[in-house]
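Lettering follows sequence order; numbering is per chain, from 1. What you see is a predicted model; the values in this text were computed from it and never measured.
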Number of protein chains: 2
Amino acid sequence: MRIAELSRRTGVPIPTIKYYLREGLVPAGERTGPNQAQYGEAHVKRLKLARALVEVGGLSIASAREALRLMFSAGLSELDTIGKAQYAMTPAREYMEDEAWDEAVAEVDELIAKRGWRVKPANPARRTLADALATLRRLDQDDYFELLDSYAETAERLAADEIETVARRGDLDSVAEAVVVWTAVGDTVLASLRRLAQEDKSTRLLEGS
Amino acid sequence: MRIAELSRRTGVPIPTIKYYLREGLVPAGERTGPNQAQYGEAHVKRLKLARALVEVGGLSIASAREALRLMFSAGLSELDTIGKAQYAMTPAREYMEDEAWDEAVAEVDELIAKRGWRVKPANPARRTLADALATLRRLDQDDYFELLDSYAETAERLAADEIETVARRGDLDSVAEAVVVWTAVGDTVLASLRRLAQEDKSTRLLEGS
DNA sequence: GCAAGGCAGATAGCGTCACTATCCATAAAA
DNA sequence: TTTTATGGATAGTGACGCTATCTGCCTTGC
């Protein structure tokens with residue numbers, strides 16, 4: 001198919017497709033002439049995937065490219081490729097390194113140890129979590145920390161369900177795809193559900209008083 | 001205190017404080033002359049709060065302003081103000097309205113009904129969730145939907161814990177503050193914990209095979 | 001009392017990001 | 001044979017979150 005059909009099938013405007021091609025989110029089509037190329041189903045899929053990561057998952061173009069690259073990399077049989085794809089999805093940030101930060105880092109390490117989680121030191125989620133906890137401390141939201149165990153418990157159960165479900169898929173390619181998509185879009189799903197449940201609970205609470 | 005100390009206390013550069021003042025994220029100081037103003041503890045707190053919403057919560061300046069405005073609004077005794085503050089934190093987006101979208105909207109309604117959640121139709125999380133589910137459908141990630149109940153269950157338990165903890169606070173101002181901060185920063189905490197737990201579970205799974 | 005520096009407020013500028021528009025030579029479609 | 005579409009290159013756009021500069025005034029240290 002040509003670019004117009006690719007655009008129609010995915011809902012992505014042609015100039016945007018060209019941009020994604022330039023940025024390497026979508027591989028080039030098969031050239032059939034100086035100014036002609038053919039695209040296939042793989043391109044449709046890849047384009048939909050790229051859009052989902054950027055639009056729903058909120059990834060930057062650079063992060064999405066990296067995640068997609070790892071996801072489709074040949075050495076995917078090396079098992080840590082999937083983990084690296086996850087890492088690529090956490091954008092780097094600068095952290096304010098004060099006492100609250102040191103404390104938060106220690107707290108994260110402790111939590112991981114307590115849960116017996118086996119997590120590499122390089123996992124960027126460690127820093128992101130520490131930053132969030134440090135922020136809460138700086139805002140004197142101390143009672144939030146009572147909830148941390150409950151959060152961790154919850155996260156663990158979710159992860160168990162997710163990994164179990166995804167492991168039922170046969171091929172590794174398909175597993176890698178699911179991990180990336182579920183991570184990116186799953187954040188949104190979970191956050192939305194949490195907001196809905198919060199509204200319900202607070203409505204009931206206020207009604208009872 | 002003057003602006004230099006405000007900057008020192010919060011770690012926010014002076015030009016940025018001036019920008020936030022212009023944008024209404026932080027109220028003006030008390031004027032003591034044509035070009036002098038005094039800031040107090042309230043300004044320190046408000047500034048830290050604004051920074052947290054923008055940096056950790058990822059809110060736009062406009063969303064943060066709205067959330068802060070509602071959070072400190074006089075009519076906070078009207079109970080739905082807190083809910084509105086939540087709504088302000090979900091950025092608006094455009095949705096692709098195809099069959100997958102209609103299906104997803106119905107799915108969300110069904111889920112809410114099944115759970116017995118009392119949620120206003122205006123809650124923007126409904127649309128956000130529908131969009132995420134529609135995206136997963138378009139990517140043929142059908143097995144994800146097996147997890148939805150588990151996600152909803154999880155979200156409900158989390159919300160129950162959160163509301164219970166926050167309700168222990170005495171004054172409504174403090175409750176409103178916690179709701180906004182916990183919503184914004186809590187998303188990050190939960191997402192990070194989920195990633196950490198995922199790495200653990202997948203490490204164990206791969207090791208066993 | 002007086003120079004040096006800080007301050008509020010206004011205005012303009014900057015850098016990044018994710019597109020979007022234009023142009024060209026060529027190729028396909030009507 | 002017009003007309004439209006295409007790939008690739010290059011340049012432009014608009015939003016966003018700051019950041020820099022300027023001006024007239026005030027505070028501070030000597």
Side-chain angles (χ1 to χ4, degrees), chain A residues 1-40 43-44 47 49-68 88-89 91-94 96 184, chain B residues 1-40 43 47 49-68 89 91-94 96 184:
Chain A
M1 80 188 76
R2 310 208 291 169
I3 203 169
E5 194 180 344
L6 189 56
S7 169
R8 202 178 40 71
R9 289 272 302 274
T10 58
V12 180
I14 290 178
T16 305
I17 296 177
K18 287 187 174 184
Y19 171 60
Y20 285 0
L21 284 166
R22 283 200 300 281
E23 291 298 318
L25 299 203
V26 177
E30 196 188 344
R31 296 291 301 275
T32 63
N35 67 335
Q36 294 291 296
Q38 282 290 315
Y39 305 95
H43 291 90
V44 174
L47 186 50
L49 216 41
R51 258 277 135 133
L53 295 185
V54 170
E55 296 256 284
V56 183
L59 269 63
S60 68
I61 300 295
S63 298
R65 172 177 48 227
E66 185 65 4
L68 287 164
M89 298 170 59
R93 266 202 47 221
E94 283 175 16
M96 188 194 290
Chain B
M1 81 190 74
R2 313 208 295 175
I3 202 168
E5 194 180 344
L6 189 57
S7 168
R8 202 179 41 70
R9 289 271 301 276
T10 58
V12 180
I14 291 179
T16 305
I17 296 178
K18 288 187 173 185
Y19 171 60
Y20 285 0
L21 284 166
R22 282 200 300 281
E23 291 298 318
L25 298 205
V26 177
E30 195 189 344
R31 295 294 299 278
T32 63
N35 67 334
Q36 296 290 296
Q38 283 290 314
Y39 304 96
H43 291 92
L47 184 51
L49 215 41
R51 258 277 136 136
L53 296 185
V54 170
E55 295 257 284
V56 183
L59 298 201
S60 68
I61 299 295
S63 297
R65 173 177 45 225
E66 185 65 5
L68 287 165
M89 299 171 59
R93 267 201 47 221
E94 283 175 15
M96 188 193 291

Does B:Gln36 form a side chain to side chain contact (heavy atoms under 4.5 Å, CB included) with B:Arg31? I'd like the steps, not just the answer. CA-CA 6 Å; B:Gln36 296 290 296; B:Arg31 295 294 299 278; over 6 Å; no

Are B:Leu47 and B:Tyr39 close enough, and set up right, to give a side chain to side chain contact (heavy atoms under 4.5 Å, CB included), and what steps lead you there? CA-CA 11 Å; B:Leu47 184 51; B:Tyr39 304 96; over 6 Å; no

When you look at B:Tyr19 and B:Leu25, which way does the side chain to side chain contact (heavy atoms under 4.5 Å, CB included) test go after all the steps? CA-CA 9 Å; B:Tyr19 171 60; B:Leu25 298 205; over 6 Å; no

Could you walk me through whether A:His43 and A:Thr10 pass the side chain to side chain contact (heavy atoms under 4.5 Å, CB included) test, one step at a time? CA-CA 10 Å; A:His43 291 90; A:Thr10 58; over 6 Å; no

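DNA chain D is contacted by both A:Arg31 and B:Pro13; A:Arg31 maps to the nucleotide lying nearer its 5′ end (nearest heavy atom per residue). Between A:Ala62 and B:Leu21, it is B:Leu21 whose nearest contact on DNA chain C lies nearer the 5' terminus.
Note on B:Arg65: nothing from the nucleic acid sits closer than 4.0 angstrom, heavy atoms only. Within 4.0 Å (heavy atoms only), A:Ala4 reaches sugar-phosphate atoms of the nucleic acid but no base atom. Across all strands shown, B:Arg22 has heavy atoms under 4.0 Å from base atoms, whether or not it also approaches the sugar-phosphate.
Here D:dG17 presents its C1' atom at 14 Å from CG of B:Leu59, a figure rounded to the nearest Å. If you measure from atom CD of A:Glu5 to atom P of D:dG7, you get 12 Å, rounded to the nearest angstrom. The distance from atom CD1 of B:Ile17 to atom P of C:dG6 is 15 Å, rounded to the nearest whole Å. Counting to the nearest Å, the C1' atom of C:dA8 and the CG atom of B:Leu6 are 14 Å from each other. One can place OH of B:Tyr19 at 19 Å from P of C:dA8, the figure rounded to the nearest angstrom. Rounded to whole angstrom, the span from the CZ atom of A:Arg51 across to the C1' atom of C:dA18 amounts to 10 Å. Atom P of nucleotide C:dT16 and atom CD of A:Glu23 are separated by 14 Å, given to the nearest angstrom. Taking atom CD1 of A:Ile14 as the reference point, atom P of D:dT4 lies 15 Å away to the nearest angstrom.
The side chain of A:Tyr20 contributes an N or O atom lying less than 4.0 Å from OP1 or OP2 of C:dC19. At least one side-chain nitrogen or oxygen of A:Tyr39 sits closer than 4.0 Å to the OP1 or OP2 atom of D:dG7. Contact annotation: A:Thr16 reaches the phosphate of C:dT20 (side-chain N/O to OP1 or OP2, under 4.0 Å).
Salt-bridge formation is detected for the pair B:Arg8/B:Glu5: a Lys NZ or Arg NE/NH1/NH2 atom is positioned less than 4.0 Å from an Asp or Glu carboxylate oxygen.
Using a 4.5 Å cut-off on side-chain heavy atoms (C-beta onward), B:Leu49 and B:Leu68 make contact.
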Can you pull every protein N or O that's under 3.5 Å from an N or O on nucleotides 25-27 of chain D?
| unit_1 | atom_1 | unit_2 | atom_2 | d |
| --- | --- | --- | --- | --- |
| D:dC25 | O2 | B:Asn35 | ND2 | 2.4 |
| D:dC26 | O4' | B:Asn35 | OD1 | 3.2 |

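Considering all non-hydrogen atoms of both residues, A:Met1 and A:Arg9 come closest at CE-NH1, 3.8 Å.
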